[in-house]
Every structure is written in structure tokens, then in C-alpha cells.
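Below is one structure, written out as C-alpha cells, with a few remarks after it.
All ligand and atom numbering here is 1-based and tracks the order in the structure.
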Amino acid sequence: MTKNIIVLGSTGSIGVQTLDVARMHNIGVKALTANRSIELLEKQAREFRPSLVAVADEESAKKLRIALADTDIRVAGGEEGVKEAASLDGADTAVNAIVGVAGLMPTLEAIRAGKTLALANKETLVAGGSVVKAEVKKYGTRLYPVDSEHSAIFQCLQGVPDKALKKVILTASGGAFYGKKREELVSVRVEDALRHPNWSMGAKITIDSATMMNKGLEVIEASWLFDVPDEKIDVLIHRESIVHSMIQLEDNSVIAQLGVPDMRIPIQYALTYPERLSSPVKELDLAELAMLTFARPDYDTFECLGICRRALRMGGLYPAVANAANEAAVSLFLSGKISFLQIPEAVGNAVEKFGGSGQNISLEDIIEADRETRRKVLG
Ligand code: NDP
């Protein structure tokens, strides 16, 4: 079980819940990082007393350095500071809860420093899966999923022989606009898209849920984590978010992991694996729920899901391109510059127009494809 952690992105939704788990089980916190939220970061630093706090935004780092001057906590700034935090001595596990591909380099730093990785930052695997997997193998480290669907699959796979896995079945809540058709999505507002039915999460992933890009990213993430191709990954709409995902075995038996929707269960499992410790999460009362429902996704209305599947099948840099176009388009949507349906349009165009690549891609190729795609989408 993990004894000391580094929390990358500690001020976000996953970061804060990770610190809840750390507080409950007396797990030491050696480093914390954020981008700009220095008020919360200062509060966290004063409570958990890490030896290093890193702030990606240099100006914010300067302010935090002054605020923490009465402590012995060191404050580092910029991307280099975040990388330093990711590889800090004295911690066995790095929890990566940064949003977006900004999490890729810290992930690699943590792996190269021999840390176990508890990975919430799905964009790391979507854009850089081949590089990350190669580094995990090279440095002999472990990677545990934090994303609830992937944690569910990981939990279901315990004790299952490798060859017995027939397919994985990812469940999806369907997001804010489930059941709607394209014409109803033309003029939806940012605040409508930010209203998720079951989960309280950061803004980017909430928009990704509304477009179903999130499920597309998760298909790619599952492919890297569990070594399964696109055709062995099913997606099933499950509005209640109680069944977090399933696996189907060669004999057609299906194993599922259930629980109330609370990220502290998968976060805790990634930190305590293979132990099962007590949790503040409520017990699941199936009789009270009475009914669980399942349906097929609407690929015509929520195009991002199909685009991600296509990008996965084409391989190489295509998933990185889809991810970069989405990150850029979501930021434009959140700032009111494009409409909701222009997000799938931007992702589809980027994948369609991308010139292609071989399958042997380097980290530099990924960074370049990411930068170039963002540049085109942001205009
Ligand atoms: P949030 O937006 O709530 O938090 C993101 C964190 O990353 C914040 O601490 C933020 O700092 C930090 N950050 C943002 N940009 C940078 C940067 N350039 N460099 C360093 N740090 C940065 O996101 P979530 O917690 O919702 O999601 C985090 C990741 O986990 C995402 O990849 C998401 O897909 C995944 N995930 C989230 C789930 C959830 O329930 N929220 C569920 C499953 C997966 P600051 O506060 O200063 O901006």
C-alpha cells in the first residue's frame, strides 16, 4: 500500500478528493501542484506540510512563495517545477490529476523516477499511450487507473486469466444532453453543458461528457491500459452511473463493479491496491434504486465517440490529434467563442485532415502534433 504521495493537480476535483483519502488513511503528502489556484494550494500546503509545492504559472508561483514564507515549504514554478514535484524523492506514488495533455510530461517524469502512477489524467494515455507504456516497461513501474470505468475494469480483472477476457464494456452516463438530437443541440449554452446528471467534476471533463468525447477518450485509454483493440470495447449508456463498467469473459459471463458515484472509491483503490480499506462513501442500496437501465449510444448525434474510435483504429498520432483538437475546441466553447456542435466539428476536421503518420512515434512527434493541431483549431 502507498505510504507517501505526490498529488499533481491537487486543487482540482480529483486532487481534492485524493487529499480526502490521504487524510482519512494517514497517507503522507510530499508534494502538491496546481496551475493558478494558489489560495487553495496554500491551504492544502499548510494542512499537509509537503516539502515541495509547484505552481505551473510562474506569476502565481511568486505569490505563493511570499504567502508561504513563514513555513519551510519550498515553492517551485513553471513546467520545470511541476516536473520536479512529479519525481520528488520520498514518495512512492504520484497521483496525476492534472487536466489535459499538460499532464503528459509530469507522468513521464514520475515513471522515470520509479514512482507508481495513479492515473486520472486520461489525456496522458490518449496522446502518449505508446511512449508511456514503453517507459512503464523500461522502468519497471506500475500504473493504476483512477478513472472510475477503468478502475472498475481493473477491479473486475482481478483473478481473471489474461486469455479469458473477451471484451470490456464501458458504461457511460450519456452526459447533460442524453436523448437529445442534433437540432436540439444547436444553441445549447455553456451552463447547460456544465450540468452533469451524476458527477461533480472539473469543467473540461464535464463538457467532454456532454459531447461524449469523454467516452471516446476512455475507449482509447482502455485500449492502452488493458491491451484490447477497438472492436473488443463496447460502450453502453447507463444513466444511473451505478455500474461503473464490466468485462465479458470467454464463457460469456459478465463481471461488473458497482457502487454509488463517488470518485473516492477508485482513487482509494489505486492508492491501497490490493488492500480494501474502509471508506466514507455511502453504501449502495440496490433495493432503493429498484432499477438500473442500459441502452446503446447514439453515434449520429454524439459524433465524438465515433471519431475517437476511428482515431484509435488509425493509430499513430491520430488519437493525439483528436485530443488536442478537443482541448482547444472545449476552451473556445467555454469562453463563448464557438457553439457546442462546433466541438465535434473541430475534432472531426482535425482527424480527417491530418496527414497521417507511422505507428512508431516519438514523444517529440506527439508534442509537435499536439501543438500544430491546437494552433489550427485556435486559429
Ligand atoms: P479540474 O479542472 O478540476 O482540475 C485540474 C487540475 O489540474 C487543477 O489542480 C489545475 O490547477 C491543474 N492544472 C490545470 N492546468 C495545468 C497545467 N497546465 N499544468 C499543471 N497543472 C494544471 O479537473 P478534474 O479533477 O475534473 O480532472 C483531472 C483529470 O482527471 C482529467 O484528465 C479528467 O479527465 C480526469 N478525470 C476526472 C474525473 C472527475 O470526477 N473529475 C473522473 C475521471 C477522470 P488550477 O486549479 O490551478 O487550475
Side-chain angles (χ1 to χ4, degrees), residues 6-20 31-45 53-61 63-64 76-86 94-107 109-110 117-128 144-152 170-173 175 194 196-209 211 213-218 220-222 225 241 244-245 261-267 269-270 323 326-327 330-331 334 370 374:
I6 292 157
V7 188
L8 305 165
S10 64
T11 52
S13 157
I14 295 289
V16 166
Q17 295 178 84
T18 300
L19 292 176
D20 267 358
L32 296 169
T33 82
N35 188 26
R36 286 204 174 87
S37 307
I38 49 170
E39 270 181 38
L40 178 54
L41 197 53
E42 181 188 346
K43 230 173 111 198
Q44 293 176 339
V53 170
V55 190
D57 178 66
E58 300 271 9
E59 280 309 304
S60 307
K63 288 184 193 152
L64 187 63
E79 265 178 48
E80 287 308 310
V82 176
K83 287 199 310 201
E84 188 189 344
V95 179
N96 190 344
I98 292 174
V99 62
V101 87
L104 177 57
M105 294 310 293
T107 289
E109 286 300 314
L117 196 69
L119 190 66
N121 177 246
K122 61 190 83 184
E123 296 90 347
T124 272
L125 279 179
V126 171
Y144 298 129
V146 167
D147 216 349
S148 59
E149 292 79 357
H150 304 77
S151 172
L170 292 174
T171 53
S173 71
L194 284 174
H196 195 280
N198 305 327
W199 299 94
S200 161
M201 310 183 283
K204 192 249 174 192
I205 184 175
T206 308
I207 301 300
D208 287 350
S209 298
T211 58
M213 182 74 189
N214 184 48
K215 213 46 57 180
L217 298 175
E218 287 180 8
I220 301 171
E221 185 187 8
L225 281 171
S241 299
H244 297 303
S245 277
D262 190 315
M263 285 305 295
R264 287 174 300 180
I265 294 179
I267 293 168
Y269 191 62
N323 178 67
N326 180 61
E327 284 191 31
V330 169
S331 71
L334 284 171
D370 178 83
R374 276 168 205 272

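- Any N or O atom pair closer than 3.5 Å counts here, and Thr33 shares no such pair with ligand 1.
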Does the pair Lys204 and Glu123 meet the rule for a salt bridge (Lys or Arg N to Asp or Glu O under 4.0 Å), with working shown?
CA-CA 11 Å; Lys204 192 249 174 192; Glu123 296 90 347; 2.7 Å; yes

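- An N or O contact shorter than 3.5 Å links Glu123 to ligand 1 by distance.
- Contacts between Ala56 and ligand 1, counted as non-hydrogen atom pairs separated by less than 4.0 Å, involve the side chain only.
- When non-hydrogen atoms are compared, ligand 1 lies under 4.0 Å from the backbone of Asn121 as well as from its side chain.
- Closest to atom 31 (C) of ligand 1 by heavy atom, among Ile205, Thr124, Leu8, Ile98, is Ile98.
- Ligand 1 has no nitrogen or oxygen under 3.5 angstrom from a nitrogen or oxygen of Gln17.
- Proximity of Ser13 to ligand 1, defined as any heavy-atom pair under 4.0 Å, is shared by backbone and side chain alike.
- The option with the heavy atom closest to atom 17 (C) of ligand 1, from among Ala102, Ser60, Ser37, is Ala102.
- Two residues are said to be in side-chain contact when any heavy atoms from C-beta on lie closer than 4.5 Å; Leu32 and Leu19 meet this criterion.
- Residue contacts with ligand 1 for Met263 involve side-chain atoms from C-beta outward but no N, CA, C or O (heavy atoms, distance under 4.0 Å).
- Heavy atoms of Lys204 found under 4.0 angstrom from ligand 1: none, in either backbone or side chain.
- Considering only non-hydrogen atoms, atom 35 (C) of ligand 1 lies nearest to Ala120 out of Ser200, Ala203, Pro106, Ala120.
- The shortest distance between side-chain heavy atoms of Thr11 and Arg36 does not fall below 4.5 Å.
- Distances from atom 27 (O) of ligand 1 to the heavy atoms of Asn35, Ile14, Val7 put Ile14 nearest.
- Short contacts between ligand 1 and Arg36, defined as distances under 4.0 Å to a heavy atom of the residue, involve ligand atoms 45 (P), 47 (O).
- Looking at Gly9 next to ligand 1, an N or O pair under 3.5 Å apart turns up.
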